[in-house]
S.K.: 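The structure under discussion is supplied below as structure tokens; questions concerning it will follow.
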Amino acid sequence: INTLQHRYQSQLCHTYAGPTLIALKPSWATTNYSGKVRKRDNMPPHICSVAQRAYWSLLMHQQDQAIVPLGRSGAGKTTCCQSALEYLVGAAHSVDNRVSVEKIQAMFTILKAFGTVTTCHNGASTRFSMVMSLDFNATGRITAAHLQTMLLERIRVAQQPEGESNFSVFSQMLAGLDMAHRTMLHLHQMAQSNSFGIGPCSKTEEKQKASVAFAQLQAAMETLGITVDEQTAIWRVLAGIYHLGAAGACKVGRKQFMKFEWANNAADVLGCDFEELTTAVFKHHLKQIIEQVTSGTSRLSKDEEQSAGPKMTGVECVEGMAAGLYEELFAAVVSLINRSFSSSHLSMASIMVVDTPGFHNPRHQKKERAATFEELCHNYVHEQLQALFYKRTFMSELERYREENVEVPFDLPELSPMAMVSVIDQNSSQVPPGGQAEEPKGLLWILDEEVLIPGSSDSTVLNRLCSYFERQQHAGVENEEGFLRKCEQMLQFEIFHQLGKDPVRYDLTGWMNKAKLNLSAQNSIQVLQQSKIDALKKLFLPRSKMPLICRSVAGLEGNSQQALQRTGCVRKTFTSSLAAVKKKSVCAQIKLQMDALTNLVKRSQIHFVHCLVPRVGADGAEGKPSRPCITGEAELTVDVPTLRVQLSGAQLLDALRLYRIGMTSLRFRRRFPGVAQPVMKKLHIMCLLGRERPCNQMPLHSSIPSCQTFIHKF
């Protein structure tokens, strides 16, 4: 902590802790290194040095690499990802300029508009997870790039926590569209109210910023080759979502739109009739009823009733249609981005850069509210990646030492992020025998079961969850083995995230409804693909070729060998749990998307970057102008308790202790050849006689000599 504090006060926000980079979010303007590949170990701690190390590892070992930033929401993970990609593209260059720094910047401009929201502490808070891959050939040149996204917070388009905005693209579009487009999209006159919280900026300064951002968005689309017709089709879908929010739905009586004028506007911009839109939004069971009458059967079978989905209110139907439209639009935008980066050149390996929303806790923003279901999903992603760090840093390293018969004075840390993950996604693999207690199940699987049981409620879910994982008190002493506790507030509980260092309070109210299958969202793709507007129909037709089980993941297209391998990995993940997909489980889809993300990453060599917040409130709006700071100002202070919580939760000190104990034989031979000269000479002779290649090119698991031999000689 003292080292980080002194470096931060010297405006050095990057520090190595063993092989892991720690990045404290700076409060001053930072610059990236120029696009030039330097010698290894010739760069100070920086995200670009991590990218350079991944690049050299790819060339030497011909193995996929992954750069994975971890940290709180607003800690600067997206900035790290963009800096790493820009450095790699600028340093390695592409074969035919298919991938350029300008295109990477344009991609992030588009993703910032469509995938980020404004909160009280962050002006561009990411609300989806992504894997951006750069494919390289044997000479180290970039051949193509490929973007895959998953776990989009699609319900954000209809529901937002208090004090937070909708996706940024809506305010940008309403501020920047010209009058011709406004008239065509029925946006020349705004509605008095909108149930989705979409509306123009109220302040003049905010409206000017949104207008400038929209102009930058249009320029970015032109850079990536998105045509004017495709842009207009995108604005049509966004306008359709706006009109659906203005139309609303009746909360009592029959399910129908509250304001037919705005519903007619939505149908017009989407290229369908009003009756077709009404059927897609509200009349989900109409098709089953017609089939039932024509077939002469008296009633639907039990399986057919389950596949028809649960009954929903009119408000849920409209919100589901809006969420489905936005999810399909986001996937179409990702496809357009991939079209600009795609290439048919042969590639050897890839460097993947992973960006996620990060860890969310309303307490960090000094808010009294409890966390939402969507924030639980983001925290689940963070804990899963933290568990991957635990496995790679501790379990794999100690297993390697055991294989080499090297005694290491280090015990595996007792606390593991996998315990927190089990609270959310643990699934009992076997049916318990009669008379025994039921095996514990995670929250996602409890919701998945209870949503199918008539009369079940949110309180039932909470009681089951607490019976499995709650900390119990015995004789007034709290048992430390539990991973959550039930709060005094109704339907609220607390999960001890970050190894218990940073607990998060959640409100379970309405989570049963979010676990239901929303048929309106499923019907959204049909509305778009059957549109009477050719440009709109053409934009979404390619999605019809995608398997239904993989629809929640965007970016499954691609022609290169590396892209096909990544797509195959995602599809294999979904088909491995076909039973959960067949019953159209919402919670299973979340679990499978997370599994797809980890499966993409864990087959590569991973370079972790821990992004930390130096103090409470330092995760401020990214759009705030930066200025040079003078040592001693408040902007350069570090809050030690805040930093300690993040270091402990990430287990960085334990990782540093293990790293200092010893190193592998390959790194020993490369970095300290002069310490064991006699051994190196003998090894060189043995290489010439038996291997015919120099010792510094020997494989890591070579039998002569072993890691243990070098450590003993040392």
Side-chain angles (χ1 to χ4, degrees), residues 113-114 154-160 165-202 210 214 231-251 255-283 312-330 332-333 518 520-533 535-537 539-540:
F114 286 90
R154 66 178 190 178
I155 196 60
R156 163 75 62 162
V157 79
Q159 301 175 7
Q160 308 93 34
S165 73
N166 210 311
F167 289 107
S168 302
V169 69
F170 287 103
S171 59
Q172 294 175 9
M173 181 188 69
L174 293 178
L177 273 179
D178 55 47
M179 186 54 64
H181 279 91
R182 290 178 184 275
T183 304
M184 179 182 66
L185 301 177
H186 304 289
L187 295 176
H188 54 286
Q189 185 177 359
M190 296 287 100
Q192 293 182 352
S193 62
N194 191 293
S195 60
F196 297 162
I198 304 174
C201 300
S202 56
F214 186 73
Q231 293 182 38
T232 303
I234 292 172
W235 312 144
R236 281 186 173 276
V237 178
L238 293 175
I241 294 173
Y242 170 83
H243 292 308
L244 285 175
C250 297
K251 297 182 180 180
K255 292 188 290 186
Q256 61 182 3
F257 291 112
M258 182 178 293
K259 300 176 181 178
F260 292 99
E261 177 187 356
W262 296 101
N264 271 311
N265 292 341
D268 181 64
V269 298
L270 292 174
C272 62
D273 297 331
F274 174 79
E275 292 76 13
E276 294 174 348
L277 182 62
T278 303
T279 301
V281 174
F282 299 112
K283 302 178 181 178
M312 299 181 298
T313 64
V315 174
E316 290 174 341
C317 292
V318 176
E319 291 179 348
M321 174 58 69
L325 288 173
Y326 197 80
E327 184 179 48
E328 294 298 329
L329 176 63
F330 194 86
V333 170
N518 195 309
S520 294
Q522 284 194 323
N523 292 341
S524 61
I525 185 60
Q526 299 177 4
V527 172
L528 296 171
Q529 291 178 353
Q530 297 173 4
S531 174
K532 299 174 183 177
I533 301 172
L536 195 64
K537 185 176 181 180
L539 182 63
F540 293 96

S.K.: Indicate the atoms forming the closest heavy-atom contact of F274 with F260, along with that distance.
M.R.: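 Closest heavy-atom pair between F274 and F260: CZ-CD2, 3.4 Å.
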S.K.: Would V318 and F282 count as a side-chain contact (heavy atoms from CB on, under 4.5 Å) here? Give the steps.
M.R.: CA-CA 8 Å; V318 176; F282 299 112; 3.7 Å; yes
S.K.: Do you know which two heavy atoms are closest between S171 and A210, and how far apart they sit?
M.R.: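 Where S171 meets A210 most closely, the heavy atoms are O-CB, 3.8 Å.
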S.K.: Heavy atoms only: give me the nearest L277-A267 pair and the separation to one decimal.
M.R.: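 Where L277 meets A267 most closely, the heavy atoms are CD2-N, 3.8 Å.
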S.K.: Where is the tightest heavy-atom contact between C317 and M312, given as atom of each residue plus distance?
M.R.: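 Reported closest heavy-atom pair: SG-CE, 3.9 Å.
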S.K.: Is there a side-chain contact (heavy atoms from CB on, under 4.5 Å) between T313 and K251 once you walk through the steps?
M.R.: CA-CA 7 Å; T313 64; K251 297 182 180 180; over 6 Å; no
S.K.: Dump the intermediate steps for side-chain contact (heavy atoms from CB on, under 4.5 Å) on D273 and K532, then the final yes or no.
M.R.: CA-CA 9 Å; D273 297 331; K532 299 174 183 177; 2.8 Å; yes
S.K.: If you define the side chain from C-beta out and look only at heavy atoms, does anything of V169 sit under 4.5 Å from Y326?
M.R.: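 A side-chain contact exists here, since the closest heavy-atom pair is under 4.5 Å.
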S.K.: Give every donor-acceptor pair under 3.5 Å between a side-chain atom in residues 524-531 and any protein atom, sequence neighbours left out.
M.R.:
{"residue": "S524", "atom": "OG", "partner": "G324", "partner atom": "O", "Å": "3.4"}
{"residue": "S524", "atom": "OG", "partner": "A521", "partner atom": "O", "Å": "2.6"}
{"residue": "Q529", "atom": "NE2", "partner": "F540", "partner atom": "O", "Å": "3.2"}
{"residue": "S531", "atom": "OG", "partner": "L270", "partner atom": "O", "Å": "2.8"}
{"residue": "S531", "atom": "OG", "partner": "I533", "partner atom": "N", "Å": "3.2"}

S.K.: Under 3.5 Å, side-chain donor or acceptor atoms of residues 173-185 against the rest of the protein: list the pairs with distances, not counting sequence neighbours.
M.R.:
{"residue": "D178", "atom": "OD1", "partner": "A180", "partner atom": "N", "Å": "3.3"}
{"residue": "D178", "atom": "OD1", "partner": "H181", "partner atom": "N", "Å": "2.8"}
{"residue": "D178", "atom": "OD1", "partner": "H181", "partner atom": "ND1", "Å": "2.9"}
{"residue": "D178", "atom": "OD2", "partner": "H181", "partner atom": "ND1", "Å": "3.2"}
{"residue": "R182", "atom": "NE", "partner": "L177", "partner atom": "O", "Å": "3.0"}
{"residue": "R182", "atom": "NH1", "partner": "L174", "partner atom": "O", "Å": "3.1"}
{"residue": "R182", "atom": "NH2", "partner": "L174", "partner atom": "O", "Å": "2.5"}
{"residue": "T183", "atom": "OG1", "partner": "M179", "partner atom": "O", "Å": "2.9"}

S.K.: Could you tell me the separation between the CD atom of E328 and the CG atom of L539, rounded to the nearest 0.5 Å?
M.R.: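 Separation between the atoms: 10.5 Å.
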S.K.: Keeping Q160 on the side-chain end and R156 on the backbone end, is there a donor-acceptor pair under 3.5 Å?
M.R.: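 It does hold such a pair.
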S.K.: Search all heavy atoms of Q172 against all heavy atoms of A113 and return the closest pair with its distance.
M.R.: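 Nearest heavy atoms, Q172 then A113: OE1-CB, 3.6 Å.
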S.K.: Would you check if N265 and L187 make a side-chain contact, meaning some heavy-atom pair closer than 4.5 Å?
M.R.: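 In short, these two side chains do not touch, never coming nearer than 4.5 Å.
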S.K.: Just so I know, are the side chains of L244 and M321 near enough to count as touching, which here means a heavy-atom distance under 4.5 Å?
M.R.: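 Result yes, sub-4.5 Å side-chain heavy-atom pair found.
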S.K.: Can I get a per-line list of side-chain donor-acceptor pairs under 3.5 Å for residues 188-198, giving both atom names and the distance, sequence neighbours left out?
M.R.:
{"residue": "N194", "atom": "OD1", "partner": "F196", "partner atom": "N", "Å": "2.9"}
{"residue": "N194", "atom": "ND2", "partner": "Y242", "partner atom": "O", "Å": "3.0"}
{"residue": "S195", "atom": "OG", "partner": "G245", "partner atom": "O", "Å": "2.9"}

S.K.: Write down the atom of A247, the atom of F257, and the distance for their closest heavy-atom approach.
M.R.: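 A247 and F257 have their closest heavy atoms at CB-CD2, 3.9 Å.
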S.K.: Do H243 and D268 make a side-chain contact, defined as non-hydrogen atoms from C-beta onward lying under 4.5 Å apart?
M.R.: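 In short, these two side chains do not touch, never coming nearer than 4.5 Å.
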S.K.: One pair to check against side-chain contact (heavy atoms from CB on, under 4.5 Å): F167 and L238. What are the steps and the verdict?
M.R.: CA-CA 11 Å; F167 289 107; L238 293 175; over 6 Å; no
